Amino acid sequence: MSSGAASAYWRVAGMSYLKYSNLCADMVRAALKEPAKSAALKRETIFFRGTKWAEGKPGETVLTDFTEHIGSK
Amino acid sequence: MALRNLSTVMRGPLGLQQAGLLAPASACAAQTVGAPHLSKGGPSTQVRNASQLETQQKMKSVGNIMKITKAMKMVAAARMKGAQRKVEACRGMVDPSIKLFGDNPLVEGKSVTVPITSDKGLCGGVNSQVNRVVKALQDVRADGAEAPRLCIVGDKGRSVLTRGMPESVDFVADQATKQAVTFATASAIAEEILKTDSAASRIVFNKFKSAIAFQPTVATVPSPETIESKPELVEKFDEYELEGPDRSEFLTDLQEFNLASTIYWGMLENGCSEQASRVQAMENSSKNAEEMLSALTIKYNKTRQAGITTELIEIISGAVALEG
(Lines give C-alpha, C1' and ligand atoms only; values in the text may rest on other atoms or scores of the structure.)
Protein backbone atom coordinates (compact mmCIF):
# COMPACT_ATOMS: atom_id res chain seq x y z
CA MET A 1 0.00 0.00 0.00
CA SER A 2 1.33 3.38 -0.88
CA SER A 3 1.43 6.09 1.72
CA GLY A 4 2.96 9.49 2.12
CA ALA A 5 2.09 13.12 2.03
CA ALA A 6 0.14 12.82 -1.21
CA SER A 7 -2.16 10.09 0.12
CA ALA A 8 -5.84 10.70 0.63
CA TYR A 9 -6.78 11.57 4.20
CA TRP A 10 -8.83 8.41 4.70
CA ARG A 11 -5.87 6.24 3.74
CA VAL A 12 -3.73 8.09 6.24
CA ALA A 13 -6.44 7.29 8.80
CA GLY A 14 -5.91 3.59 8.04
CA MET A 15 -8.94 2.92 5.86
CA SER A 16 -8.91 0.94 2.66
CA TYR A 17 -10.58 2.25 -0.46
CA LEU A 18 -13.34 -0.35 -0.07
CA LYS A 19 -14.10 0.71 3.50
CA TYR A 20 -14.10 4.35 2.46
CA SER A 21 -16.33 3.87 -0.59
CA ASN A 22 -18.76 1.60 1.24
CA LEU A 23 -18.99 4.12 4.04
CA CYS A 24 -19.72 6.85 1.51
CA ALA A 25 -22.40 4.62 -0.03
CA ASP A 26 -23.94 4.11 3.42
CA MET A 27 -24.06 7.87 3.90
CA VAL A 28 -25.80 8.35 0.56
CA ARG A 29 -28.32 5.64 1.44
CA ALA A 30 -28.98 7.25 4.79
CA ALA A 31 -29.81 10.48 3.01
CA LEU A 32 -32.57 8.85 0.95
CA LYS A 33 -36.27 9.27 1.68
CA GLU A 34 -38.79 6.48 2.17
CA PRO A 35 -39.71 4.19 0.47
CA ALA A 36 -36.44 4.21 -1.45
CA LYS A 37 -34.52 4.24 1.83
CA SER A 38 -35.64 0.87 3.21
CA ALA A 39 -35.10 -0.78 -0.17
CA ALA A 40 -31.59 0.65 -0.34
CA LEU A 41 -30.80 -0.34 3.25
CA LYS A 42 -31.21 -3.99 2.28
CA ARG A 43 -28.17 -3.58 0.06
CA GLU A 44 -26.13 -2.49 3.06
CA THR A 45 -26.21 -5.90 4.76
CA ILE A 46 -23.05 -7.90 5.26
CA PHE A 47 -23.37 -11.54 6.15
CA PHE A 48 -20.76 -14.26 6.02
CA ARG A 49 -18.88 -16.67 8.26
CA GLY A 50 -15.13 -16.30 8.01
CA THR A 51 -12.46 -18.72 9.19
CA LYS A 52 -8.76 -18.02 9.04
CA TRP A 53 -6.56 -21.01 8.28
CA ALA A 54 -2.91 -21.33 9.22
CA GLU A 55 -0.60 -24.27 8.48
CA GLY A 56 -3.43 -26.52 7.44
CA LYS A 57 -5.53 -25.94 10.57
CA PRO A 58 -8.65 -23.82 10.87
CA GLY A 59 -8.62 -21.01 13.38
CA GLU A 60 -11.55 -19.41 15.10
CA THR A 61 -14.71 -18.84 13.06
CA VAL A 62 -16.07 -15.32 13.07
CA LEU A 63 -19.59 -14.56 11.99
CA THR A 64 -19.84 -11.14 10.36
CA ASP A 65 -23.48 -10.19 10.59
CA PHE A 66 -24.58 -6.63 9.86
CA THR A 67 -28.18 -7.48 9.17
CA GLU A 68 -29.79 -7.06 12.61
CA HIS A 69 -28.56 -3.54 12.99
CA ILE A 70 -29.98 -2.59 9.62
CA GLY A 71 -33.35 -4.06 10.51
CA SER A 72 -33.57 -2.06 13.74
CA LYS A 73 -32.72 1.22 12.07
CA MET B 1 -71.71 -80.93 -12.57
CA ALA B 2 -68.18 -79.95 -11.77
CA LEU B 3 -68.53 -76.70 -13.67
CA ARG B 4 -71.61 -75.59 -11.77
CA ASN B 5 -69.88 -76.22 -8.45
CA LEU B 6 -66.88 -74.25 -9.60
CA SER B 7 -68.93 -71.19 -10.35
CA THR B 8 -70.50 -71.21 -6.88
CA VAL B 9 -67.11 -71.50 -5.23
CA MET B 10 -65.81 -68.66 -7.33
CA ARG B 11 -68.57 -66.38 -6.22
CA GLY B 12 -67.60 -67.12 -2.62
CA PRO B 13 -64.16 -66.14 -1.30
CA LEU B 14 -62.92 -64.73 -4.59
CA GLY B 15 -65.67 -62.15 -4.82
CA LEU B 16 -64.53 -60.91 -1.44
CA GLN B 17 -60.96 -60.76 -2.52
CA GLN B 18 -61.59 -58.68 -5.59
CA ALA B 19 -63.24 -56.00 -3.50
CA GLY B 20 -59.94 -54.84 -1.97
CA LEU B 21 -56.56 -54.14 -3.54
CA LEU B 22 -54.71 -56.43 -1.19
CA ALA B 23 -56.08 -59.86 -0.58
CA PRO B 24 -57.98 -59.55 2.69
CA ALA B 25 -57.07 -61.90 5.50
CA SER B 26 -60.62 -63.17 5.69
CA ALA B 27 -60.28 -64.77 2.27
CA CYS B 28 -57.22 -66.71 3.39
CA ALA B 29 -58.92 -67.74 6.61
CA ALA B 30 -62.01 -68.95 4.81
CA GLN B 31 -59.80 -70.93 2.50
CA THR B 32 -57.88 -72.69 5.24
CA VAL B 33 -61.02 -73.49 7.20
CA GLY B 34 -62.95 -74.66 4.16
CA ALA B 35 -60.15 -76.74 2.70
CA PRO B 36 -57.69 -77.92 5.39
CA HIS B 37 -55.68 -79.95 2.90
CA LEU B 38 -54.78 -76.71 1.14
CA SER B 39 -53.17 -75.16 4.24
CA LYS B 40 -49.86 -75.14 2.39
CA GLY B 41 -51.20 -72.17 0.46
CA GLY B 42 -51.49 -70.21 3.72
CA PRO B 43 -47.89 -69.13 4.30
CA SER B 44 -47.26 -68.52 0.60
CA THR B 45 -50.19 -66.09 0.50
CA GLN B 46 -48.76 -64.26 3.49
CA VAL B 47 -45.35 -63.94 1.85
CA ARG B 48 -46.95 -62.55 -1.25
CA ASN B 49 -48.82 -60.00 0.82
CA ALA B 50 -45.65 -58.95 2.60
CA SER B 51 -43.78 -58.41 -0.65
CA GLN B 52 -46.71 -56.47 -2.02
CA LEU B 53 -46.76 -54.32 1.07
CA GLU B 54 -43.07 -53.62 0.62
CA THR B 55 -43.62 -52.62 -3.01
CA GLN B 56 -46.47 -50.40 -1.94
CA GLN B 57 -44.28 -48.68 0.67
CA LYS B 58 -41.54 -48.20 -1.92
CA MET B 59 -44.03 -46.70 -4.33
CA LYS B 60 -45.17 -44.29 -1.67
CA SER B 61 -41.65 -43.11 -0.79
CA VAL B 62 -40.61 -42.79 -4.44
CA GLY B 63 -43.76 -40.76 -5.06
CA ASN B 64 -42.93 -38.48 -2.14
CA ILE B 65 -39.36 -37.96 -3.35
CA MET B 66 -40.71 -37.10 -6.77
CA LYS B 67 -42.98 -34.47 -5.23
CA ILE B 68 -40.04 -32.93 -3.38
CA THR B 69 -37.74 -32.84 -6.40
CA LYS B 70 -40.49 -31.30 -8.51
CA ALA B 71 -41.04 -28.61 -5.88
CA MET B 72 -37.30 -27.94 -5.66
CA LYS B 73 -37.17 -27.57 -9.41
CA MET B 74 -39.94 -24.98 -9.38
CA VAL B 75 -38.26 -23.02 -6.57
CA ALA B 76 -34.88 -23.10 -8.33
CA ALA B 77 -36.44 -21.96 -11.61
CA ALA B 78 -38.07 -18.98 -9.89
CA ARG B 79 -34.83 -18.07 -8.09
CA MET B 80 -32.84 -18.39 -11.29
CA LYS B 81 -34.94 -15.70 -12.95
CA GLY B 82 -34.20 -13.21 -10.18
CA ALA B 83 -30.53 -14.16 -10.12
CA GLN B 84 -30.24 -13.79 -13.88
CA ARG B 85 -31.58 -10.24 -13.72
CA LYS B 86 -28.99 -9.37 -11.06
CA VAL B 87 -26.13 -10.96 -13.01
CA GLU B 88 -26.97 -9.05 -16.15
CA ALA B 89 -27.06 -5.80 -14.21
CA CYS B 90 -23.75 -6.59 -12.52
CA ARG B 91 -21.80 -7.35 -15.68
CA GLY B 92 -21.63 -3.61 -16.28
CA MET B 93 -19.57 -3.25 -13.11
CA VAL B 94 -16.67 -5.40 -14.26
CA ASP B 95 -16.72 -4.81 -18.00
CA PRO B 96 -14.90 -1.43 -17.92
CA SER B 97 -11.84 -2.76 -16.13
CA ILE B 98 -11.72 -5.84 -18.34
CA LYS B 99 -11.83 -3.51 -21.34
CA LEU B 100 -9.10 -1.35 -19.84
CA PHE B 101 -6.56 -3.97 -18.83
CA GLY B 102 -7.78 -7.05 -20.63
CA ASP B 103 -7.38 -10.44 -19.01
CA ASN B 104 -3.85 -11.16 -17.77
CA PRO B 105 -3.80 -14.72 -16.58
CA LEU B 106 0.00 -14.95 -16.61
CA VAL B 107 1.35 -13.36 -13.47
CA GLU B 108 4.68 -14.11 -11.84
CA GLY B 109 5.04 -14.24 -8.10
CA LYS B 110 2.73 -15.08 -5.28
CA SER B 111 -0.89 -15.44 -6.25
CA VAL B 112 -4.13 -16.29 -4.52
CA THR B 113 -6.93 -18.42 -5.93
CA VAL B 114 -10.47 -17.62 -4.90
CA PRO B 115 -12.85 -20.47 -5.74
CA ILE B 116 -16.48 -19.39 -5.51
CA THR B 117 -18.79 -22.28 -4.71
CA SER B 118 -22.31 -22.74 -3.41
CA ASP B 119 -23.32 -23.36 0.18
CA LYS B 120 -25.96 -25.93 -0.63
CA GLY B 121 -25.75 -29.16 -2.56
CA LEU B 122 -28.19 -30.93 -4.89
CA CYS B 123 -27.13 -28.71 -7.77
CA GLY B 124 -25.42 -31.03 -10.24
CA GLY B 125 -21.79 -30.51 -11.18
CA VAL B 126 -21.42 -26.78 -10.48
CA ASN B 127 -19.09 -27.13 -7.51
CA SER B 128 -17.04 -30.04 -8.78
CA GLN B 129 -16.32 -27.99 -11.92
CA VAL B 130 -14.87 -25.15 -9.84
CA ASN B 131 -12.93 -27.52 -7.60
CA ARG B 132 -11.41 -29.25 -10.61
CA VAL B 133 -10.26 -25.95 -12.11
CA VAL B 134 -8.76 -24.91 -8.77
CA LYS B 135 -6.84 -28.17 -8.48
CA ALA B 136 -5.47 -27.67 -11.99
CA LEU B 137 -4.45 -24.08 -11.14
CA GLN B 138 -2.60 -25.30 -8.07
CA ASP B 139 -0.66 -27.84 -10.11
CA VAL B 140 0.22 -25.70 -13.14
CA ARG B 141 3.10 -23.45 -12.11
CA ALA B 142 6.73 -22.81 -12.86
CA ASP B 143 9.41 -24.97 -11.25
CA GLY B 144 10.17 -23.87 -7.73
CA ALA B 145 7.32 -21.39 -7.70
CA GLU B 146 5.18 -21.24 -4.63
CA ALA B 147 1.75 -22.86 -4.82
CA PRO B 148 -1.02 -20.27 -4.95
CA ARG B 149 -2.75 -19.56 -1.68
CA LEU B 150 -6.44 -20.34 -1.36
CA CYS B 151 -9.25 -18.12 -0.11
CA ILE B 152 -12.41 -20.17 -0.45
CA VAL B 153 -15.90 -18.77 -0.74
CA GLY B 154 -18.77 -21.19 -0.12
CA ASP B 155 -19.29 -24.33 1.92
CA LYS B 156 -18.99 -26.87 -0.89
CA GLY B 157 -15.54 -25.65 -1.92
CA ARG B 158 -14.48 -25.61 1.71
CA SER B 159 -15.38 -29.24 2.35
CA VAL B 160 -13.52 -30.52 -0.71
CA LEU B 161 -10.49 -28.22 -0.90
CA THR B 162 -9.62 -28.04 2.80
CA ARG B 163 -9.45 -31.82 2.76
CA GLY B 164 -7.42 -32.00 -0.44
CA MET B 165 -4.91 -29.20 0.22
CA PRO B 166 -5.28 -27.88 3.78
CA GLU B 167 -1.83 -26.29 3.93
CA SER B 168 -2.63 -23.92 1.03
CA VAL B 169 -5.77 -22.50 2.61
CA ASP B 170 -5.60 -19.02 4.10
CA PHE B 171 -9.18 -18.03 4.53
CA VAL B 172 -12.66 -19.53 4.18
CA ALA B 173 -15.87 -17.52 3.89
CA ASP B 174 -19.17 -19.35 3.81
CA GLN B 175 -22.88 -18.83 4.48
CA ALA B 176 -22.69 -15.62 2.45
CA THR B 177 -25.58 -16.81 0.27
CA LYS B 178 -27.89 -17.10 3.28
CA GLN B 179 -28.81 -13.48 2.62
CA ALA B 180 -29.04 -11.88 -0.78
CA VAL B 181 -25.42 -11.28 -1.81
CA THR B 182 -24.53 -7.60 -1.51
CA PHE B 183 -21.56 -5.60 -2.67
CA ALA B 184 -20.81 -4.86 0.97
CA THR B 185 -20.42 -8.59 1.69
CA ALA B 186 -18.18 -9.00 -1.35
CA SER B 187 -16.09 -6.02 -0.14
CA ALA B 188 -15.66 -7.57 3.29
CA ILE B 189 -14.47 -10.83 1.72
CA ALA B 190 -12.21 -8.89 -0.67
CA GLU B 191 -10.55 -7.16 2.27
CA GLU B 192 -9.63 -10.55 3.72
CA ILE B 193 -8.17 -11.59 0.37
CA LEU B 194 -6.17 -8.35 0.13
CA LYS B 195 -4.48 -9.32 3.38
CA THR B 196 -2.69 -12.15 1.55
CA ASP B 197 -0.77 -9.43 -0.32
CA SER B 198 -0.49 -11.31 -3.61
CA ALA B 199 0.64 -10.30 -7.09
CA ALA B 200 -2.67 -11.47 -8.52
CA SER B 201 -5.98 -12.87 -7.40
CA ARG B 202 -7.64 -15.49 -9.54
CA ILE B 203 -11.36 -15.77 -9.01
CA VAL B 204 -12.79 -19.08 -10.17
CA PHE B 205 -16.53 -19.37 -10.68
CA ASN B 206 -19.14 -20.70 -13.09
CA LYS B 207 -20.18 -18.13 -15.61
CA PHE B 208 -23.85 -18.29 -16.42
CA LYS B 209 -24.44 -18.70 -20.15
CA SER B 210 -28.00 -19.92 -20.42
CA ALA B 211 -30.45 -21.97 -18.42
CA ILE B 212 -28.77 -25.12 -19.69
CA ALA B 213 -25.14 -24.01 -19.90
CA PHE B 214 -22.52 -22.59 -17.59
CA GLN B 215 -18.79 -22.35 -18.00
CA PRO B 216 -16.06 -22.48 -15.37
CA THR B 217 -14.25 -19.15 -15.63
CA VAL B 218 -11.08 -17.69 -14.15
CA ALA B 219 -10.97 -13.90 -13.73
CA THR B 220 -7.57 -12.48 -12.83
CA VAL B 221 -7.24 -9.28 -10.82
CA PRO B 222 -3.61 -8.10 -10.87
CA SER B 223 -2.11 -6.10 -8.03
CA PRO B 224 -1.06 -2.46 -8.67
CA GLU B 225 2.62 -3.51 -8.63
CA THR B 226 1.93 -6.10 -11.31
CA ILE B 227 0.24 -3.52 -13.51
CA GLU B 228 3.11 -1.07 -13.05
CA SER B 229 5.63 -3.74 -13.96
CA LYS B 230 3.99 -4.20 -17.37
CA PRO B 231 4.69 -1.22 -19.67
CA GLU B 232 1.85 -2.02 -22.07
CA LEU B 233 -0.69 -1.84 -19.25
CA VAL B 234 0.76 1.38 -17.87
CA GLU B 235 0.56 2.88 -21.34
CA LYS B 236 -3.10 1.97 -21.60
CA PHE B 237 -3.77 3.44 -18.20
CA ASP B 238 -1.89 6.66 -18.96
CA GLU B 239 -4.25 7.37 -21.85
CA TYR B 240 -6.64 8.65 -19.21
CA GLU B 241 -6.26 12.00 -17.57
CA LEU B 242 -6.34 11.68 -13.82
CA GLU B 243 -7.30 14.07 -11.15
CA GLY B 244 -6.22 13.69 -7.57
CA PRO B 245 -3.66 11.20 -6.34
CA ASP B 246 -0.74 9.82 -8.28
CA ARG B 247 -0.91 6.74 -10.48
CA SER B 248 0.27 4.16 -7.97
CA GLU B 249 -2.28 5.19 -5.40
CA PHE B 250 -4.98 5.34 -8.03
CA LEU B 251 -4.09 1.82 -9.11
CA THR B 252 -4.25 0.63 -5.50
CA ASP B 253 -7.78 2.00 -5.18
CA LEU B 254 -8.72 0.55 -8.53
CA GLN B 255 -7.41 -2.87 -7.63
CA GLU B 256 -9.38 -2.94 -4.39
CA PHE B 257 -12.55 -1.98 -6.21
CA ASN B 258 -11.81 -4.42 -9.01
CA LEU B 259 -11.29 -7.28 -6.63
CA ALA B 260 -14.49 -6.58 -4.71
CA SER B 261 -16.57 -6.13 -7.84
CA THR B 262 -15.12 -9.25 -9.47
CA ILE B 263 -15.92 -11.27 -6.37
CA TYR B 264 -19.41 -9.80 -6.29
CA TRP B 265 -19.83 -10.63 -9.96
CA GLY B 266 -18.45 -14.14 -9.46
CA MET B 267 -20.80 -14.78 -6.56
CA LEU B 268 -23.80 -13.66 -8.58
CA GLU B 269 -22.77 -15.61 -11.68
CA ASN B 270 -22.11 -18.71 -9.67
CA GLY B 271 -25.37 -18.34 -7.76
CA CYS B 272 -27.26 -18.11 -11.03
CA SER B 273 -25.43 -21.11 -12.51
CA GLU B 274 -26.15 -23.02 -9.30
CA GLN B 275 -29.88 -22.44 -9.63
CA ALA B 276 -29.83 -23.29 -13.34
CA SER B 277 -27.94 -26.47 -12.63
CA ARG B 278 -30.33 -27.31 -9.80
CA VAL B 279 -33.30 -26.98 -12.16
CA GLN B 280 -31.69 -29.55 -14.45
CA ALA B 281 -30.61 -31.88 -11.68
CA MET B 282 -34.07 -31.85 -10.14
CA GLU B 283 -35.70 -32.40 -13.49
CA ASN B 284 -33.52 -35.45 -14.04
CA SER B 285 -34.27 -36.86 -10.62
CA SER B 286 -38.00 -36.26 -11.06
CA LYS B 287 -37.80 -38.16 -14.32
CA ASN B 288 -35.90 -41.01 -12.69
CA ALA B 289 -38.41 -41.15 -9.85
CA GLU B 290 -41.22 -41.29 -12.34
CA GLU B 291 -39.57 -44.17 -14.20
CA MET B 292 -38.98 -46.00 -10.93
CA LEU B 293 -42.57 -45.45 -9.89
CA SER B 294 -43.96 -46.87 -13.11
CA ALA B 295 -41.65 -49.89 -12.86
CA LEU B 296 -42.81 -50.45 -9.29
CA THR B 297 -46.46 -50.07 -10.28
CA ILE B 298 -46.05 -52.70 -12.97
CA LYS B 299 -44.33 -54.99 -10.51
CA TYR B 300 -47.06 -54.42 -7.95
CA ASN B 301 -49.86 -55.14 -10.43
CA LYS B 302 -48.09 -58.23 -11.74
CA THR B 303 -47.69 -59.72 -8.25
CA ARG B 304 -51.28 -58.92 -7.46
CA GLN B 305 -52.47 -60.56 -10.66
CA ALA B 306 -50.24 -63.58 -10.06
CA GLY B 307 -51.67 -63.90 -6.57
CA ILE B 308 -55.21 -63.82 -7.85
CA THR B 309 -54.41 -66.44 -10.48
CA THR B 310 -52.74 -68.71 -7.93
CA GLU B 311 -55.69 -68.47 -5.63
CA LEU B 312 -58.07 -69.23 -8.47
CA ILE B 313 -56.14 -72.36 -9.31
CA GLU B 314 -56.09 -73.38 -5.66
CA ILE B 315 -59.83 -72.93 -5.37
CA ILE B 316 -60.54 -74.78 -8.56
CA SER B 317 -58.31 -77.68 -7.69
CA GLY B 318 -59.77 -77.73 -4.20
CA ALA B 319 -63.28 -77.88 -5.62
CA VAL B 320 -62.27 -80.60 -8.03
CA ALA B 321 -60.68 -82.58 -5.19
CA LEU B 322 -63.88 -82.33 -3.13
CA GLU B 323 -65.86 -83.52 -6.13
CA GLY B 324 -63.39 -86.34 -6.68
Side-chain angles (χ1 to χ4, degrees), chain A residues 1-32 36-73, chain B residues 119 149-155 158 161-163 165-197 223-225 228 244-261 263-264 267:
Chain A
M1 301 274 157
S2 66
S3 59
S7 287
Y9 62 91
W10 44 265
R11 197 182 290 285
V12 178
M15 272 172 128
S16 65
Y17 173 76
L18 286 174
K19 275 218 179 78
Y20 171 69
S21 60
N22 275 315
L23 201 68
C24 289
D26 289 357
M27 293 298 139
V28 175
R29 283 188 201 109
L32 285 168
K37 189 176 183 175
S38 44
L41 278 179
K42 277 187 203 144
R43 293 195 285 271
E44 217 168 276
T45 55
I46 303 177
F47 188 90
F48 72 99
R49 212 175 59 176
T51 315
K52 280 208 174 71
W53 281 61
E55 283 145 27
K57 296 248 162 29
E60 207 185 325
T61 301
V62 185
L63 183 76
T64 314
D65 184 358
F66 287 112
T67 48
E68 305 264 319
H69 119 100
I70 303 283
S72 64
K73 247 188 194 175
Chain B
D119 285 327
R149 306 303 301 168
L150 276 175
C151 287
I152 304 162
V153 180
D155 209 32
R158 180 192 61 88
L161 295 169
T162 55
R163 213 180 306 129
M165 41 189 103
E167 62 294 322
S168 307
V169 181
D170 268 356
F171 182 72
V172 177
D174 57 359
Q175 310 289 326
T177 48
K178 267 200 167 178
Q179 304 266 330
V181 177
T182 60
F183 184 71
T185 304
S187 306
I189 294 171
E191 295 228 31
E192 295 291 339
I193 293 163
L194 283 169
K195 281 182 197 160
T196 59
D197 205 19
S223 75
E225 292 79 23
E228 283 195 286
D246 59 341
R247 189 175 64 210
S248 72
E249 196 174 342
F250 210 99
L251 281 172
T252 309
D253 294 352
L254 195 63
Q255 183 230 2
E256 283 182 25
F257 176 74
N258 254 349
L259 186 64
S261 56
I263 287 169
Y264 181 52
M267 284 169 95

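In this text, all values refer to a predicted model and were calculated from it rather than measured experimentally. Naming: A, B, ... by sequence-line order, numbering from 1 per chain.
Side chain of B/Gln255 to backbone of B/Pro224: no donor-acceptor contact under 3.5 angstrom is found.
Options A/Lys52, A/Glu55, A/Lys57, A/Arg49 differ in how many heavy-atom pairs under 4.5 Å they form with chain B, and the most are formed by A/Arg49. Contact tally against chain A (heavy-atom pairs below 4.5 Å) for B/Thr185, B/Asp155, B/Thr162, B/Thr177: the top residue is B/Thr185. No other option in B/Asp174, B/Leu150, B/Ile189, B/Thr182 has as many heavy-atom pairs under 4.5 Å with chain A as B/Asp174. The candidate from A/Phe48, A/Trp53, A/Tyr20 with the greatest count of non-hydrogen atom pairs under 4.5 Å with chain B is A/Trp53. Looking only at heavy-atom pairs under 4.5 Å with chain A, the residue among B/Glu167, B/Gln179, B/Arg158, B/Met165 that has the most is B/Gln179.
In this structure, A/Thr64 OG1 and B/Glu192 CD are separated by 7.5 Å, a value rounded to the nearest 0.5 Å. One distance of note links CD1 of B/Ile193 with CD1 of B/Ile263; it measures 3.5 Å at 0.5 Å rounding.
For A/Thr51, the parts sitting under 4.5 Å from any heavy atom of chain B are the backbone and the side chain alike.
Nearest heavy-atom pair, B/Phe183 versus B/Tyr264, reported as atom, atom and distance to 0.1 Å: N-CE1, 3.6 Å.
For the residue pair B/Asp170/B/Thr196, the side-chain donor-acceptor check at 3.5 Å is not satisfied.
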